[in-house]
Amino acid sequence: MASFELTEEYQDLSDSVREFADEVVAPVSTKHDEEHSFPYEVVKQMGEMGLFGLPFPEEFGGMGGDYFALALALEQLGRVDQSVAITLEAGVSLGAMPVYRFGTQAQKEHWLPQLTSAEALAGFGLTEPEAGSDAGGTKTNARLEDVGDAKNWVINGNKEFITNSGTDITRLVTVTAVTGQHERHDGSIKKEISTILVPTDTPGFTAEKAYNKVGWNASDTHPLTLKNVRVPEENLLGVRGRGYANFLSILDEGRIAIAALATGAAQGCVDLSVKYAKERMAFGQNIGKYQAIQFKIARMQARAHTARLAYYDAAARMLAGKPFKTEAAIAKMVAGEAAMDNARDATQVFGGYGFINEFTVARHYRDSKILEVGEGTTEVQLMLIARELGL
Ligand SMILES: Cc1cc2nc3c(=O)[nH]c(=O)nc-3n(C[C@H](O)[C@H](O)[C@H](O)COP(=O)(O)OP(=O)(O)OC[C@H]3O[C@@H](n4cnc5c(N)ncnc54)[C@H](O)[C@@H]3O)c2cc1C
C-alpha cells in the first residue's frame, strides 16, 4: 500500500510556500480584495521564487519539478488567498502548460521563459457566450488568408470569463476556434476546432472591461473580443483540428490543481475556525467548548482531509502515467464542495464577524462558490464520473 506521506523535498516546498502565503500574501489580501486590484507585487515575488515555473524543465526557465509540486503550492496559497492561488493556477495550467504540452520548439523557446518567470502572463480562451460546459459549441472562427508567400489566420469571435487575460503583464491568450468542418458518415457536420496563439498586442484583440465578480476580486477576468485578428499560420498550437481534444486533456490536469487550491481553502476555514472557537466567549466559556461547534469544525476537518486525499490520489496516478481523468473529476468535485461547505460553516462559527468582508472566512465564503463552477461545473464532473461507470 503506497503512502501519501510527503517526501522531504515536497514538504520543504510546501513549508516555504506556506510561509510566503502567511507573511507576504495574507497581509495585502484584504486590500486587493476591497480594491479589486491585481496583486502585481505578489505575482512578481512568486515569479522570483520560481512558482510559475514549478512543473517545467530548467531549459525553459522552470524549476524541473512536477504537477504535484504545483498542487502543493496551490494548496498553501488557497488557504489564505484564492485570488492569488488562481492567478498561479491559471498562469501555469491554462497559460504556460498548453504551450509546453503542444507547442513547437520555437513556440516554447519564445513563450515559456517569460511565462515561467512571471514576467508575462498567458490566458486560455475556451469559454464563449454560448459555449461553456458544452465547449464544442465554439463559434469563434479562424480562416487562413494568403499574405504573399505566407498565410495568416484571421480570427473573429468572443470569449467569456478569461482569467489573466487583461493584466499589464498579459502577453498571450491561446484561443480555441473553428478552423473548418467535416461531414460525418451519417451526413451530420463535425466542427474542426483548433487552438491558436494570439499575442495580446495584435490589432483587433480587446480585453473588455473586467467583470464585477462575487469573489476572486483580485484575480483578473475579462470578456474578450477578437475582430479580424491576424496572426501568422505558425501560431497554430498543436495539430490542426486537435484543439478541443488537447484542451480537454489540459482541463483534466487542471482539475487536480483546482482541487488542491480548494483543499487549501477548506483547510484555511478549519484553521481559522479552531483559532476563533478557542478565543470567542459566549455564556461564560469559549464557544469551542460547545459540542455543536466542535462537531461542526470536526466535520470541516474531515472534508478538508478527504479533499486532500482525493487530489493526492489523482496526482499520484497522473505522475505514474496511469489514467486519472475520473479521479481528477472526483477530486475537483469533492474539494470544491468541501471549500464551499467549510466556508459556510466557518462563517457560522464566526457569527456576525463572518459576514464582515475584512474577515478571511467572509472572503472564502464569497470566493469558494466559483470552485463548484470554474474548470468544469460539479454537474460536468458528475457527467464524467457517470460516463466512466458506463452510464
Ligand atoms: C471567475 C471565472 C474564471 C474563469 N476562467 C476561465 C478561463 O480562464 N478560461 C475559460 O475558457 N473559461 C473560464 N471560465 C469559464 C468557466 O469555466 C465556465 O463558466 C464554466 O465552465 C461553466 O460554463 P457556463 O458558465 O457557460 O455555464 P453553462 O455551461 O451554461 O452551465 C449552466 C448550468 O447548467 C449546468 N449544465 C450544463 N450542461 C449540463 C448537463 N449536460 N447536465 C446537467 N447540467 C448541465 C451547469 O453545470 C451549470 O450549473 C471562468 C469562469 C469564471 C466565473
Side-chain angles (χ1 to χ4, degrees), residues 33 36 38 74 78 81-99 115 121-140 157-167 170 172-177 193 195-198 200 207-226 237 243-244 246-255 257-259 261-262 265 328-329 332-333 336-337 339-340 363 366-387 391:
D33 178 57
H36 292 217
F38 188 76
L74 289 168
D81 190 327
Q82 294 189 37
S83 286
V84 166
I86 193 61
T87 300
L88 174 64
E89 193 278 335
V92 175
S93 130
L94 300 176
M97 195 55 89
V99 178
L115 298 177
L121 279 177
F124 200 106
L126 175 76
T127 307
E128 298 191 359
E130 292 170 67
S133 305
D134 183 13
T138 300
K139 287 191 174 153
T140 294
N158 297 285
K159 296 290 175 180
E160 203 77 87
F161 309 126
I162 310 307
T163 304
N164 289 344
S165 62
T167 72
T170 301
L172 172 72
V173 176
T174 304
V175 298
T176 45
I193 298 179
T195 39
I196 302 176
L197 301 171
V198 179
T200 50
E208 307 289 353
K209 188 170 180 280
Y211 295 95
N212 182 7
K213 303 189 294 278
V214 168
W216 284 8
N217 287 333
S219 154
D220 179 78
T221 327
H222 299 259
L224 304 178
T225 305
L226 297 109
L237 181 68
Y244 184 52
N246 287 348
F247 193 66
L248 290 185
S249 72
I250 285 290
L251 276 184
D252 286 338
E253 296 176 358
R255 286 180 183 135
I258 291 280
L261 187 166
K332 200 274 173 180
M333 184 184 80
E337 290 184 348
M340 189 67 246
R363 181 154 40 80
R366 288 182 286 110
D367 286 349
S368 295
K369 181 58 209 167
I370 186 60
L371 294 168
E372 297 182 320
V373 174
E375 296 210 28
T377 63
T378 294
E379 290 75 17
V380 166
Q381 312 312 322
L382 290 168
M383 279 161 59
L384 294 170
I385 299 163
R387 199 175 295 159
L391 296 170

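Read the numbers this way: they start at 1 and go in the same order the structure lists the ligands and their atoms. Here the structure is a predicted model, which means the values were calculated and not measured.
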_Contact between Y211 and P223 at the side-chain level, heavy atoms closer than 4.5 Å - yes or no?_
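Counting from C-beta outward, Y211 and P223 do come under 4.5 Å.
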_If you define the side chain from C-beta out and look only at heavy atoms, does anything of F38 sit under 4.5 Å from T87?_
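SC-SC contact between F38 and T87 confirmed.
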Using a strict 4.0 Å cut-off to heavy atoms of [X], name the atoms of ligand 1 that fall inside it.
X: T377; answer: 22 (C), 46 (C), 47 (O)
X: I162; answer: 7 (C), 8 (O), 9 (N), 10 (C), 11 (O)
X: E375; answer: 17 (O)
X: V373; answer: 20 (C)
X: I370; answer: 52 (C), 53 (C)

Give the residue and atom name of whichever protein heavy atom lies nearest to [atom], and the separation in Å to one decimal.
atom: atom 27 (O) of ligand 1; result: S133 OG, 4.2 Å
atom: atom 2 (C) of ligand 1; result: T221 CG2, 4.1 Å
atom: atom 13 (C) of ligand 1; result: F161 O, 3.1 Å
atom: atom 39 (C) of ligand 1; result: M383 SD, 4.4 Å
atom: atom 26 (O) of ligand 1; result: G132 CA, 3.2 Å
atom: atom 8 (O) of ligand 1; result: T163 N, 3.0 Å
atom: atom 16 (C) of ligand 1; result: T127 OG1, 4.0 Å
atom: atom 49 (O) of ligand 1; result: E379 OE1, 3.5 Å

Is [atom] close to the protein, meaning a heavy atom under 4.0 Å from it?
atom: atom 33 (C) of ligand 1; value: no
atom: atom 30 (O) of ligand 1; value: no
atom: atom 51 (C) of ligand 1; value: yes

Ignoring hydrogens and angles, state whether a donor on the side chain of [X] or [Y] is under 3.5 Å from an acceptor on the partner side chain.
X: S368; Y: Q82; value: yes
X: K213; Y: T221; value: yes
X: T176; Y: K159; value: yes
X: D220; Y: N164; value: no
X: E208; Y: T225; value: yes
X: T140; Y: E128; value: yes

*R255 side chain to E375 main-chain N or O, any donor-acceptor pair under 3.5 Å?*
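Between the backbone of E375 and the side chain of R255 there is a qualifying donor-acceptor contact (under 3.5 Å).
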*Distance-only, no hydrogens or angles: does the T195 side chain make a donor-acceptor pair with backbone N or O of L237 under 3.5 Å?*
yes
*Report the part of F124 in contact with ligand 1, treating N, CA, C, O as backbone and CB onward as side chain, heavy atoms under 4.0 Å; options are side chain, backbone, both, neither.*
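Under 4.0 Å from ligand 1, F124 contributes backbone atoms alone.
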*What part of K159, side chain from CB on, backbone N/CA/C/O, both or neither, has a heavy atom under 4.0 Å from ligand 1?*
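Under 4.0 Å from ligand 1, K159 contributes no heavy atoms.
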*Could you tell me whether K139 and E130 have a side-chain N and a carboxylate O separated by less than 4.0 Å?*
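Here K139 pairs with E130 in a salt bridge, since their nearest N and O are under 4.0 Å apart.
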